[in-house]
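Some notes on the structure that comes next.
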Amino acid sequence: MKNAVNDGGGAGVWSATGFRPGTKAGAGAGPGTGSPSGTPGGADGDIWSGCWVAERLGVELVGDEGLGELLGLALRRNPKRAHLLVSHVLGKHIPQSPAVVYGYGFALGLRVRDLLGEDEARRAVVLGYAETATGLGHSVADGVGLAPCLHSTRRPVDGVARAGGFEESHSHATSHLLLPENPGLLACDGPLVLVDDEFSTGNTVLNTIRDLHERYPRDRYVIVALVDMRSAADLGRLDDFAREIGARVDLVTAASGTVRLPEGVLEKGQALVARYESGEGAAGSSGTDAQVVSEAQGAPGRPALRVELGWPAGIPDGGRHGFTPEHRVRLEGALPAMAARIAEALPSDARRVLVLGFEELMYAPLRLGVALEKLTDAEVRYSTTTRSPVLAVDDPGYAIRTRLVFPAHDNPADGPGDRYAYNVAGAGFDAVVAVVDSTADTPELHAPDGLLARLSAHTPSVLLAVVPSYAPARPSAEPPTVSSTERPFMLPEPLRGPEFSSYAPDEVGWLLQDLSDTKLEAPTEEREEAIQSGGAHYAESLPVEYQPSDAYQELFHNALAVSATRIAQAVGVVTETVLAERSPRPVLVSLARAGTPVGVLMRRWAQHRHGVDLPHYAVSIVRGRGIDANALRWLAAHHDPADIVFVDGWTGKGAITRELAQAVEEFEASDGITGFDPEIAVLADPGSCVRTYGTREDFLIPSACLNSTVSGLISRTVLRADLVGEHDYHGAKFYRELAASDVSVAFLDAVSDRFDAVDEGVDAQVKELLSTDRSPTWEGWAAVERISEEYGIHDVNLVKPGVGEATRVLLRRVPWKILARAGAGADLDHVRLLAEQRGVPVEEVAELPYTCVGLIHPKYTRGATGADGKAVTV
């Protein structure tokens, strides 16, 4: 076995008489130590919180100089082991600064990452032990940064089969279950990182490795613990075991030492516990009569105040079924808002606040505590309840000063029983925030003898925050297959300008892969023949980018000058509607590429009007193929799906609106991630397909006049099997070579320069819209069906209604004819020019619900002719 413990400074013996320097070398104590009062060594300054036990049982801690600052001693009510090592930095029995608790685990994780290297760390899985090290294991995984984590549990979950299990021989509750949602977490062959609060006999780790190695053999294990407390007799056991299974085993700890136990210590400890629990007591080390506090009495207080956290949908409450790096990133983004809701609910005069977790639910309350500590001037402490029975003695030289006793409140599989909260009563907390999962939010929790009532007797204010218990989307009863044993993939971060697109990096992140070096363009007539014959999908190639003539460019700039104010007003209206009805802090997700300029403008409006920076991403959606599922996975890992607002430029007949709704439904069914609202917010909705829009007029949006040169120099998106794999985003190209013709930023600036001028008009229109029935009528779809039959096309996909869609037909497809509303004016100047250039007739129609409609040639081959009998040209 490879021992990876860092060498530290001095060493010595912690005993009833205090610290004596010695000669043993070991690890440093870590990034910080503390005690209930924040001072090393115990609540009363220089008194070591283990000297009471050391004096009565003759127990000594031998090891690093900082060991006594990390550990105190107490007596177990357990027939298997007399003493309990009580950590000051674990956040279980002793309230501690959340930042200190989290910092220890995170620092250990960084050391593991350095030990493994990034490639191996990316293949690793972190496994924490229930209940004590669930939060520690999760914090270590955060430090590793690239690895998912899992923790063992004593809570069976219906529909989730065991992927492993083991026994903890010295514990009062021995059986551990492993219940990953994806068995591939354990079946992969990367390093397994096992995390516990202390590493004493090594039996627990040995049982774990033995069980898992038989099922899922691997080459490397890393053991992580706050303290290495093995005796000399146990030091070689893991070495022997590692040789036996043929694997490398490393050890990473914050400190090391051992416990010297005199002869007969178990019997003496049991007798001492019995005497104190009978109420007899004995003289304490402080010279006063030390009293057992079994149920820390107090008068019942006010009922608990429930705080709605707004926990992100689809994010697990912890590692019971697995927790991925994507989950972690998304939780990071949600923590400040959740902590702010707690802070708002706290009494204004609260100066000492305890965030109290619940048994295995350690990580979520710990992270909430860390975030709360940053938000408030109050002194924040963190600890959790436990099923571990420990003697409480009110003496400064004893680690467990008080205990609250209350009934279990999560319907445990092993039946009802007592649960405990230590060092909470008498600690002077002005408020306690109890954090439980929804499984534990039961009548027993709220009963007169329940946890909340016990807490209310000892603090003026009790808050209750409930984290939804995670229900695995797919039961793991089936054995892992080849595909399920693959490591969870890491999706890349969004592409940003100037490396990808001509937009500023903060304007949009593209959830696409860069295919700029791939030849994808095909002549328009070849693409049309392949698409209509069924030989290819339109998203499998790209049309040759249209290069506008001088006359056409002049039309674009004239159109922009005329329509910029109208566009600015529509931008303001749709953005204010989103803020009022969808989310106060929406995440804009534009449908690339027509929706992307609109998403950028909506982001600019929110900055202009409200001073907020809204996240904005662009994703691909393909008619007949759906939305990019990997992009949705990335979004769900980084943001609350309920805050996602999909954005597009305009609606035609509503095909993409329907495509998105179906795609989101299928994604939720396949991935179990819910909360996405498929309704699109658009600048213009002439087809009456959505509720959230800036206008329902069909007018010229100049960004529809051009292709990539008004869309950040990005092509339309590509989805082709040989280019886009299972774990890839859809693709697109960045046409850097067209930079001289790029008007993308000029278009945005021309519109946003009109924001001040439309402020009042936006307010009036939004007020009217919010009181109006905006239910979609789908009249555009009905009109398209009518036109399809009237003109003998018999395919609604070849009918493209609206100015924007008709323009696309002329730029990308083989057009047959353009239908224009009689009397349409300058909005169609560019359409008439393009139609003239391509030899396509423009037919005026008296009754037309759109300003114009583009018709794709219904039976195109390279010998086809247009409506006027002439050969169709490109």
Side-chain angles (χ1 to χ4, degrees), residues 491-516 539 542 571 574-575 578 586-607 613-623 625-639 641 643-651 656-657 659-660 663-664 667 676-683 701 703-704 706-719 724 728-736 742 744-745 747-748 751 804 808:
L491 290 166
E493 292 299 297
L495 301 171
R496 296 185 182 274
E499 289 78 16
F500 188 83
S501 89
S502 60
Y503 293 133
D506 61 334
E507 300 263 44
V508 60
W510 302 84
L511 291 168
L512 298 170
Q513 61 167 314
D514 188 353
L515 299 179
S516 300
L542 293 174
V571 168
V574 69
T575 309
V578 165
V587 177
L588 304 176
V589 177
S590 59
L591 304 181
R593 69 184 167 183
T596 303
V598 178
V600 174
L601 286 169
M602 291 176 67
R603 185 179 185 278
R604 287 190 177 190
W605 177 272
Q607 289 175 317
D613 288 323
L614 300 182
H616 175 214
Y617 308 98
V619 304
S620 169
I621 187 169
V622 176
R623 181 171 52 81
R625 304 282 182 88
I627 198 166
D628 187 340
N630 284 318
L632 291 187
R633 292 180 185 112
W634 189 94
L635 289 167
H638 291 75
H639 301 283
D643 289 330
I644 301 295
V645 177
F646 294 103
V647 173
D648 208 356
W650 56 84
T651 63
I656 290 299
T657 304
E659 186 80 41
L660 180 62
V664 167
F667 175 78
F676 288 104
D677 184 344
E679 184 183 3
I680 308 174
V682 298
L683 195 64
I701 301 171
S703 61
L706 300 170
N707 283 330
S708 68
T709 53
V710 77
S711 305
L713 298 180
I714 301 301
S715 73
R716 63 159 300 119
T717 59
V718 174
L719 179 58
V724 179
D728 294 329
Y729 298 131
H730 294 186
K733 297 184 72 167
F734 176 26
Y735 290 116
R736 299 169 178 84
D742 188 24
S744 303
V745 176
F747 168 70
L748 298 174
V751 175
R808 285 179 167 187

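What's counted below: heavy atoms across the whole structure, side chains too, no hydrogens, waters or symmetry copies.
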Find out whether [X] and [Y] are in side-chain contact, i.e. whether some heavy atom of one side chain is under 4.5 Å from a heavy atom of the other.
X: Y503; Y: R496; result: no
X: M602; Y: L614; result: no
X: L660; Y: I627; result: yes
X: V589; Y: F646; result: yes
X: F734; Y: L713; result: yes
X: L512; Y: S620; result: yes

Atom pair [atom1]/[atom2] of [X] and [Y] - distance to nearest 0.5 Å:
X: R593; Y: D648; atom1: CZ; atom2: CG; value: 12.5 Å
X: T717; Y: I621; atom1: OG1; atom2: CD1; value: 9.5 Å
X: H639; Y: F676; atom1: NE2; atom2: CZ; value: 10.0 Å
X: E679; Y: T657; atom1: CD; atom2: OG1; value: 9.0 Å
X: F500; Y: I714; atom1: CZ; atom2: CD1; value: 3.5 Å
X: W510; Y: S590; atom1: CH2; atom2: OG; value: 6.5 Å

Is it true that a side-chain atom of [X] and a backbone atom of [Y] form a donor plus acceptor pair closer than 3.5 Å?
X: N630; Y: D728; value: yes
X: D628; Y: V619; value: no
X: E659; Y: G626; value: yes
X: S516; Y: K733; value: no
X: R603; Y: H616; value: no
X: Y729; Y: P492; value: yes

Shortest non-hydrogen contact from [X] to [Y]?
X: L748; Y: P597; value: CD2-O, 3.7 Å
X: L542; Y: R716; value: CD2-CG, 3.3 Å
X: V571; Y: L601; value: CG1-O, 3.6 Å
X: G649; Y: V598; value: CA-CG2, 3.7 Å
X: S708; Y: D742; value: O-OD1, 4.4 Å
X: G731; Y: L515; value: CA-CD1, 3.6 Å

Original post:
Of the options I644, L635, V508, which is the one that meets Y617 in a side chain to side chain contact (heavy atoms under 4.5 Å, CB included)?
Top reply: L635

**OP:** Name all residues meeting the side chain to side chain donor-acceptor pair (under 3.5 Å) criterion together with S715; count only those two or more places apart in sequence or in a different chain, and write none if there are none.
**Re:** none

